[in-house]
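If you read the sequence from its start, that first residue is 1, and numbering goes on from there.
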Amino acid sequence: MKKFISLLTFTLFLFINLSAQQASHTFKLSDSVFLLDGKPFQIISGEMHYPRIPREAWRDRMKKAKAMGLNTIGTYVFWNIHEPQQGEYDFKGNNDIVAFVKTAQEEGLWVILRPSPYVCAEWEFGGYPYWLQNIKGLEVRSKESQYLKAYRNYIMQVGKQLAPLQVNHGGNVLMVQIENEYGSYGADKEYLDINRKMFIEAGFDGILYTCDPGPAIKDGHLPGFLPAINAVDNPEKVRKLISQNHNGRGPFFIAEWYPAWFDWWGTKHHTVPAESYSGKLDTVLQAGISINMYMFHGGTTRGFMNGANYNDKNPYEPQISSYDYDAPLDEAGNATAKFLKFREAIEKNLLPGEKLPEIPKAKPAIATAPVIFTNTTSVFDLLSKPVSHSTPLTFEDLKQAYGYVLYRTTVNGNGRSKQLLKIKDLRDYGIVFINGKRAGILDRRLYQDSLLVDKPRGKVQIDILVENMGRINFGPYLLKNKKGITEKVLLDGKEVKDWKMYPLPFDDINTLKSKAFSKPGAGIPVVKRGYFTIDQSADTYLDFSNWGKGVVWVNGHNLGRYWEIGPQQTVYVPVEWLKKGRNEIVVFELIKPGQKLLQGVEKPILSTLKRYQ
C-alpha cells in the first residue's frame, strides 16, 4: 500500500508539474501592444520556410536569426507537400513542421504560424495540391462544398500536428493566421467565418489573425480578429489601417514587410540596397510596432515547387528556383550587408540589458573538379507504358502532379512541307519532334503556341515533350491551372486525334533507366548521370552558364531548375547534402544534350540574363 501511495503521489506530482509547464506562458492583445506573460512584447520576426531549407540546416538559420535580433520566426504551412495525393499525408523529413517549430523553441524563438490552405509564397499553385483540380466543380477560396470538405480534412491533420504547440498549451506558437491576403481575392465574410470555425475545431484556440495589403484589409479581415497589415511601414498609416478595422484598437503588426523581392525567368535579379530599408525598420521599431520581414531567409524552391504569376495584362512568369530574395541571409544562409544594417537597427531598439549574440561566421564554399558523366540516356529511352486517348490528356487527367509528359501521335504525311502545328492551350513549355528530330520549341511566356513543321510522305510521328513550369500562385487564374496540352493540337487547321501520353514525373530519379555513355542525337533531351569527388564537404554552386534548360539532382536530392536565359545561372548545393569522396549527380538537359563540362564554383551567379535561344 505504501508503494501504491508513493506511486500515486509521484504521478500527481508529474501531472501538476506538466500542467504548470503547459500553462507557463500567456499571450494576449491589449489596446496597442501584445502582452506576453502580462508584459508588453514587441514581435521582431523574420519569415523562413522549412521546405526551402535542408532540415539539417534549420538550427543554423535560427541561430543567425537570433544574432540579427529576431525573437520570432514566421512560416507558412504548405498543403501540397503535406497531402501530395488526396488522403495521403506526409509530415516526415524536410516536411516535419513539428520538428521545425520545436527546434525554434529550443533556440529561444517564438513562432508565428501561417497554415492557411492558400499561401501564395511564389510556391506551386499557391500551396494547393494539384489534385483539387480533378474534383469537378471544386472552387478554391470559396464556400463550395467539395473545397470545404478537402480543406477541413487537411486542416484537421495540421491541427493534430501543431495545435499542441501553441503558447497557451506550453508551446512557442504565439499566433495563427487564417487564410492569406484574402482581401486581394474576395470579400466574403461568411467564407472567412467558416475558416475561423474550422481552425478552432482543429484545435487552434489561441490568437487568430488575418493579414492583407493596404486598403484590402477591409475585405480580408474578419471582425473580432486582429487585422495585420502587409506592405505598409509608415507607423501612422499602419495604426490607422489596423485601428479602423479593429474597433479603434491595436496591437499593430506588419505581417509582411518586404525589404526585397523575388525573381522569375528572363528578368533581372531584384535587389534593394540595405540603406533603403534599415531606416524604415528603425522607425517601425521605435514606434513600438511589431513586424515580420518577408523574407529573413529565402533559401531555395527545390524540385518542381516554384510558382508563377499571370494575369490578363502580363505574360506567364514562372519563378526561378533560387529564392535568395536579396534577404538578410542569402540563399546559402550567410549574413549579408542587409543583415548587418538590420542588426544595427534592431540593436538601437533593444531593451536595457539586452545583448545580441555574436554573428556566426560565414560558411565556406568550394569549387569542385568537373563532373565525370558516365551514362547518357535519351528521353525516348525513358518511356514506359503509355496512356492512350483520342485527345491529349492533362497532367491532372494522368494524376501526375509535376514534371513532364511526352505526347505522341502518328499522322499520314503527304510530302507537303511547312504545315502549321498549333497547340491549344500549351502549359507551359514544349519541344516538338517530327520523326525523332527536333522541329522547334514553344514557350508560353512568349505567347508561342505554333510553328511550321515538315510533313514528309508516309507515316509521320509527332512527339511533344511538355514541361509544367509551375502553376500560378496568385490571382483569379488559381482556378485555371491545369498543365500539359490542355485543349487540342491542330495540324494544317485540322484537329489531330489518337494520342499516347508517356508520364515523366521524375519523382524518383533512382528508378530511371540509364546506359553507358552514348553520343546524343542533335536536340534530343537526355538524362546524364555521373559523379564528382570532393576532399572536404562545403557549399558549392553548380555552374550551368553554358547549358540549356533542365533539372539537377545531387545524391538523390532534386535541387531545382536551371535555364540559360537567367538570371539564375548556378544551382546551390548545400553542404548538408554533400559528402566527402564521391557524390552522384543527375542532370535532365532539354535543349543542349552535347554539354559535358559542369563543375561547382564558390559563388552564385544570380544576375546574368541571356538572349533567348
Side-chain angles (χ1 to χ4, degrees), residues 29 43 45 47 74 76-77 112-123 125-128 139-144 147 151 175-196 198-199 207-262 277 280 284 289-295 307-314 317 472-481:
L29 311 180
I43 297 170
S45 177
E47 189 95 0
Y76 285 120
V77 183
I112 292 175
L113 201 63
R114 311 175 73 190
S116 161
Y118 169 72
V119 301
C120 189
E122 292 71 62
W123 193 265
F125 202 3
Y128 285 124
E139 292 186 22
V140 298
R141 307 188 85 177
S142 78
K143 297 186 298 241
E144 193 278 321
Y147 168 66
Y151 174 178
M175 299 194 299
V176 177
Q177 177 190 301
I178 71 162
E179 246 294 344
N180 185 49
E181 297 186 319
Y182 178 68
S184 297
Y185 187 85
D188 189 336
K189 302 295 184 181
E190 184 180 355
Y191 165 68
L192 286 174
D193 195 53
I194 292 171
N195 279 256
R196 177 188 67 82
M198 283 200 287
F199 269 62
I207 293 176
L208 302 177
Y209 76 100
T210 58
C211 76
D212 293 279
I217 196 170
K218 64 181 176 58
D219 292 328
H221 95 283
L222 188 65
F225 276 26
L226 173 69
I229 194 76
N230 294 354
V232 178
D233 56 16
N234 178 294
E236 184 179 343
K237 290 181 179 179
V238 170
R239 289 194 181 99
K240 180 179 179 181
L241 284 165
I242 290 177
S243 61
Q244 282 178 341
N245 292 277
H246 199 223
N247 298 320
R249 299 184 296 113
F252 305 105
F253 178 42
I254 304 171
E256 290 188 15
W257 180 65
Y258 309 113
W261 205 241
F262 60 91
Y277 277 87
K280 295 179 180 180
V284 165
I289 292 171
S290 290
I291 193 168
N292 176 54
M293 60 186 67
Y294 192 105
M295 300 288 295
N309 282 335
Y310 176 75
N311 58 47
D312 292 330
K313 296 180 181 179
N314 296 314
E317 296 170 340
I472 297 161
N473 58 260
F474 180 81
Y477 284 89
L478 283 171
L479 299 173
K480 299 176 181 179
N481 243 335

Tell me, with the steps shown, if L478 and Y185 meet side-chain contact (heavy atoms from CB on, under 4.5 Å). CA-CA 10 Å; L478 283 171; Y185 187 85; 4.1 Å; yes

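- Residues satisfying the side-chain contact (heavy atoms from CB on, under 4.5 Å) criterion with E144, sequence neighbours excluded, are L138, E139, S142, Q146, Y147.
- Applying the salt bridge (Lys or Arg N to Asp or Glu O under 4.0 Å) test to residues at least two apart or on different chains, the pairs with a partner in residues 184-196 are K143-D188, K143-E190, D193-R196, D193-K197.
- Listed by first and then second residue, the ring-ring contact (aromatic ring centres under 6.0 Å, His included) pairs involving residues 207-231 are Y209-F253 (not counting sequence neighbours).
- Every ring-ring contact (aromatic ring centres under 6.0 Å, His included) that Y277 has, sequence neighbours left out, goes to W257.
- With sequence neighbours excluded, the residues forming a ring-ring contact (aromatic ring centres under 6.0 Å, His included) with Y310 are Y477, listed by chain and number.
- With sequence neighbours excluded, no residue forms a side chain to side chain donor-acceptor pair (under 3.5 Å) with N309.
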Contacts under 3.5 angstrom, residues 113-123 side chains, donor-acceptor by atom type, not counting sequence neighbours:
from	atom 1	to	atom 2	distance (Å)
R114	NE	Q177	OE1	2.9
R114	NH1	E47	OE1	3.2
R114	NH1	E47	OE2	3.1
R114	NH1	E256	OE2	3.3
R114	NH2	Y76	OH	3.2
R114	NH2	Q177	OE1	3.3
R114	NH2	N180	OD1	3.2
R114	NH2	E256	OE2	2.4
S116	OG	Y118	N	3.0
S116	OG	Y118	O	2.7
S116	OG	E179	O	3.3
Y118	OH	N473	O	2.7
E122	OE1	Y323	OH	2.4
W123	NE1	N80	OD1	2.9

For residues 210-218, which side-chain N or O atoms pair as donor and acceptor with protein atoms under 3.5 Å away, sequence neighbours left out?
from	atom 1	to	atom 2	distance (Å)
D212	OD1	Y182	N	3.1
D212	OD1	G183	N	2.7

Identify all side-chain donor-acceptor contacts of residues 237-244 below 3.5 Å with residues at least two apart in sequence or on another chain.
from	atom 1	to	atom 2	distance (Å)
R239	NH2	A287	O	2.7
S243	OG	R239	O	2.6
S243	OG	K240	O	3.3

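- Residues forming a side chain to side chain donor-acceptor pair (under 3.5 Å) with N230 (at least two apart in sequence, or on another chain): E181.
- Between L479 and V140, some side-chain heavy-atom pair lies under the 4.5 Å cut-off.
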